[in-house]
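Both backbone and side-chain heavy atoms feed into the values below; hydrogens, waters and symmetry mates do not. Predicted model, so just to flag it, every value in this text is computed and none were measured.
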Amino acid sequence: MDALSSLLDGFATALTPVNLLWAVLGVLLGTAIGVLPGIGPAMAVALLLPVTYGLEPTGAFIMFAGIYYGAMFGGSTTSILLNTPGESAAVVAAMEGNPMAKAGRGAQALAAAAVGHFAGGMIGTILLVALAPAVADLAVDIGAPDYFAIMVLAFIAVTSVLGASRIRGLASLLIGLTLGLVGLDQMTGQQRLTFGSLQLADGVDVVIVAVGLFAIGEALWVAAHLRRTSGRPIPVGRPWLDRGDVRRTWKSWLRGPFIGFPFGAIPAGGAEIPTFLSYVTEKRLSKHKDEWGKGAIEGVAGPESAASASAAGTLVSMLTLGLPTTAVAAVMLAAFQQYGIQPGPLLFEREPDLVWGLIASLFVGMVLLLALNLPLAPLWAKLLRIPRPYLYAGILFFAAVGAYAVGGEVVDLVILLVIGLIGFGMRRYGLPVLPAVIGVILGPNAEQQLRRALQISDGSVTGLVDTPFSVTVYVVVLLILAWPLLKRFTGRGRAGRAGSGGVGGSGE
């Protein structure tokens, strides 16, 4: 009942004319930017982060929520029409959505994605309302060893599930941790990796890192491959679903959130895993198995619903624990720090108007998204006709303006270019970007919690595992690390038994 009354107060905040305007603006901007190829939610939020510097915090975060969900929908639009996922969560939408578009059913695919986002977002946000206060109450008792264990889990989980290999995920994480070390030591005041530059004494701003790795790195990568790719838009008509489509998709829309939300709430890499799990689930349960790979509408509806619910789950761990499990959450955490607000267990007590206004705005944003995107789908398709050189020139311009606005220093533009080149190199060698962003955000906090835990235990390493919670988390970490080895070992054992059985059978 307390959560329900707080949510009603949140609606009173979210439905004020000014905040409603920010929600509409965020949804429009998020969808317009997300629909452009190569620009996902993380890049959309990172590009627009400097624009909100002068806004009041509640209005700014309501706008961010609209950008987040709008850009997620826009990414799936690009994925369906151009077979160019704006981000990793939209990859699955292309697997069935693009064949549907090529078969002249792009309108139906877009409509299935739109309703899937609405259903997943609504159910996910209801679960957020129900679970977030309870998680926050439990998190109040978490100490330095527990926080450090959770951050280790976040590092290991993110590097394990993203990218072509764990080594590449770990290399990306180390890049982020190194960037997070730049500046003054928080406890001793000693300079680290500043190379004698006073401008680097305050560290590298997270906004510059996010914009550099995402926007600049992506623009340079696309520019390097522009001649090899062709982006011919596919026209879409009026999006609508007939009774047969609705009959095939309504169960997928309802199943998706219960796959997506738990994965969003735990440090497991965001929406990538649940979208694939949803796809596999829908394929196994489908009665139209011959259509899969050629344009099965359930393959769009389920994963998109799971992705939207995963976004709501992401906010649980970010708001209650201060842990970003996705790149967008990492950028939003940087926005909280920009306003001097620290997400964590006490956020619900210290900033109730902001938190519940933000959660209520998610419901408002879902309704706005559905109302705006169903009729505007043909317009988004026309936006895809912008020539890519002009598109990415614009991205570079806005990225540079945003980075300069952070501190007003020319050196920020140099840092932005250097980090952009690092982002380009990461794409060149298949390193995922998310672990680097997580490393920059969580690295300094993890170091601080580690040193606090060691100070409490007088330097004894056992101080890191002196609570049941931290021991449990480290057991989970060991299971994540050991699972591929166990899987390989059991696989060899089964293969050996099968082989010996085959030899015995042939002898008889």
Side-chain angles (χ1 to χ4, degrees), residues 1-30 41 45 48-70 121-142 206-207 261 264-265 311-325 328-369 441:
M1 291 303 294
D2 289 340
L4 188 59
S5 62
S6 298
L7 182 62
L8 292 175
D9 292 338
F11 273 111
T13 302
L15 293 175
T16 58
V18 174
N19 288 336
L20 198 57
L21 176 65
W22 291 128
V24 173
L25 189 61
V27 165
L28 279 171
L29 282 173
V45 176
L48 295 171
L49 184 59
V51 179
T52 62
Y53 274 177
L55 295 183
E56 187 258 336
T58 304
F61 285 104
I62 286 174
M63 184 178 171
F64 280 139
I67 292 169
Y68 188 5
Y69 281 99
M122 281 292 183
I123 295 171
T125 309
I126 290 169
L127 293 172
L128 168 63
V129 172
L131 297 178
V135 174
D137 290 339
L138 291 173
V140 172
D141 299 325
I142 292 178
V206 178
V207 177
F261 184 85
T314 293
L315 294 177
V316 172
S317 53
M318 190 194 73
L319 293 174
T320 60
L321 298 173
L323 279 176
T325 58
V328 183
V331 179
M332 288 183 75
L333 184 59
F336 272 104
Q337 294 172 351
Q338 163 189 309
Y339 284 103
I341 300 169
Q342 182 59 48
L346 300 177
L347 183 65
F348 283 77
E349 294 179 15
R350 292 174 179 170
E351 302 285 348
D353 292 341
L354 187 153
V355 173
W356 289 106
L358 171 64
I359 292 172
S361 74
L362 299 179
F363 289 103
V364 177
M366 285 294 127
V367 176
L368 290 172
L369 259 178
I441 289 281

Considering all heavy atoms of both residues, which atom of [X] and which atom of [Y] are nearest to each other, and what is their separation?
X    : Y    : value
G70  : L369 : CA-CD2, 3.8 Å
M318 : P343 : O-CB, 3.2 Å
A14  : N19  : O-CB, 3.6 Å
T16  : T13  : OG1-O, 3.0 Å

key: For V18, all residues meeting side chain to side chain contact (heavy atoms under 4.5 Å, CB included), sequence neighbours excluded   =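 Listed in chain order: W22.
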key: Spacing of OH belonging to Y69 relative to OG1 belonging to T125, to within rounding of 0.5 Å   =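 Interatomic distance, Y69 OH to T125 OG1, rounded to 0.5 Å: 4.0 Å.
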Validation: residues 352-365 side-chain donor-acceptor distances under 3.5 Å, sequence neighbours left out:
{"from": "S361", "atom 1": "OG", "to": "L358", "atom 2": "O", "distance (Å)": "2.5"}

Partner of M63 under side-chain contact (heavy atoms from CB on, under 4.5 Å), chosen from L25, V24, T58 =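 Of the listed residues L25, V24, T58, the side-chain contact (heavy atoms from CB on, under 4.5 Å) partner of M63 is L25.
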